[in-house]
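Data block below; observations after.
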Amino acid sequence: QVQLVESGGGLVQAGGSLRLSCAASGRTFSSYTMGWFRQAPGQEREFVASISRSGGSTYYADSVKGRFTISRANAENTVYLQMGSLRPEDTAVYYCSASARSPPATRQSAYNYWGQGTQVTVSS
């Protein structure tokens, strides 16, 4: 069992930056591919980024490539999402997730555990 708790969301102006964190419980954090998804009002949840168990491989949705960076600190059981050049269309609830599958793991069905989400709002 893995419990995930996101933090770092908030209100930011367009062009600004935010860093999301996701703290995981348990001693098997390094055995999971970790991912970030987001869900805007009235829309389906969509893949944002994922990172391999060692952190050596990362994958991004085209919409965030070059602006967002996913990273992890296995010793701290934490995964991060550094978001830059934010746009109003990045406004969504962002969810951290853990998958027993190998990356890229872009489908929601690949993930076994989910956090409660953190709101990111980008004003124009």
Exercise. Any chance CD of Gln116 has more than 12 other-residue heavy atoms, nucleotides or ligands included, within less than 6.0 Å?
Worked result: yes
May I ask whether [X] and [Y] are part of the same hydrophobic cluster, defined by side-chain heavy atoms of I, L, V, M, F, W, Y residues being less than 4.5 angstrom apart, directly or through others?
X     : Y      : result
Phe37 : Val93  : yes
Tyr80 : Leu4   : no
Val48 : Tyr111 : no
Tyr32 : Tyr59  : no

Problem set entry | Where at least one partner belongs to residues 39-55, residue pairs that pass salt bridge (Lys or Arg N to Asp or Glu O under 4.0 Å), sequence neighbours excluded |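 Qualifying pairs: Arg38-Glu46.
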- Query: Can you list the other members of the hydrophobic cluster that holds Val5, where links are side-chain heavy atoms under 4.5 angstrom apart?
  - Reply: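 Other cluster members: none.
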Of the non-hydrogen atoms in [X] and [Y], which two are nearest, and what is the gap between them?
X     : Y      : result
Ser25 : Asn77  : C-ND2, 4.3 Å
Phe47 : Thr106 : CB-O, 3.4 Å
Ser17 : Gly84  : OG-CA, 3.7 Å
Gly9  : Leu20  : N-CD2, 3.6 Å
Val79 : Cys96  : CG1-SG, 3.7 Å
Tyr95 : Gly115 : CD2-O, 3.6 Å

What's the separation between atom [atom1] in [X] and atom [atom2] in [Y], rounded to the nearest 0.5 Å?
X      : Y     : atom1 : atom2 : answer
Met34  : Thr78 : CE    : OG1   : 9.0 Å
Ser63  : Arg87 : OG    : CZ    : 8.0 Å
Glu6   : Trp36 : CD    : CH2   : 5.5 Å
Arg107 : Ser50 : CZ    : OG    : 13.5 Å
Gln82  : Ile70 : CD    : CD1   : 12.0 Å
Arg67  : Tyr60 : CZ    : OH    : 12.0 Å

**Geometric class of the Phe68/Tyr94 ring pair [parallel <30°, tilted 30-60°, perpendicular >60°]** =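 Tilted.
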Would you say [X] and [Y] make side-chain contact, with heavy atoms under 4.5 Å?
X      : Y     : value
Val120 : Met83 : yes
Gln119 : Thr91 : yes
Phe29  : Glu76 : no

Between the side chains of Asp62 and Lys65, is the shortest nitrogen-to-carboxylate-oxygen separation below 4.0 Å, so that they form an ion pair?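 Result for this pair is yes, salt bridge flagged.
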For [Y], is there any backbone N or O sitting under 3.5 Å from a side-chain donor or acceptor partner on [X]?
X      : Y      : value
Thr33  : Arg101 : yes
Asn112 : Ala100 : yes
Ser30  : Asn74  : no

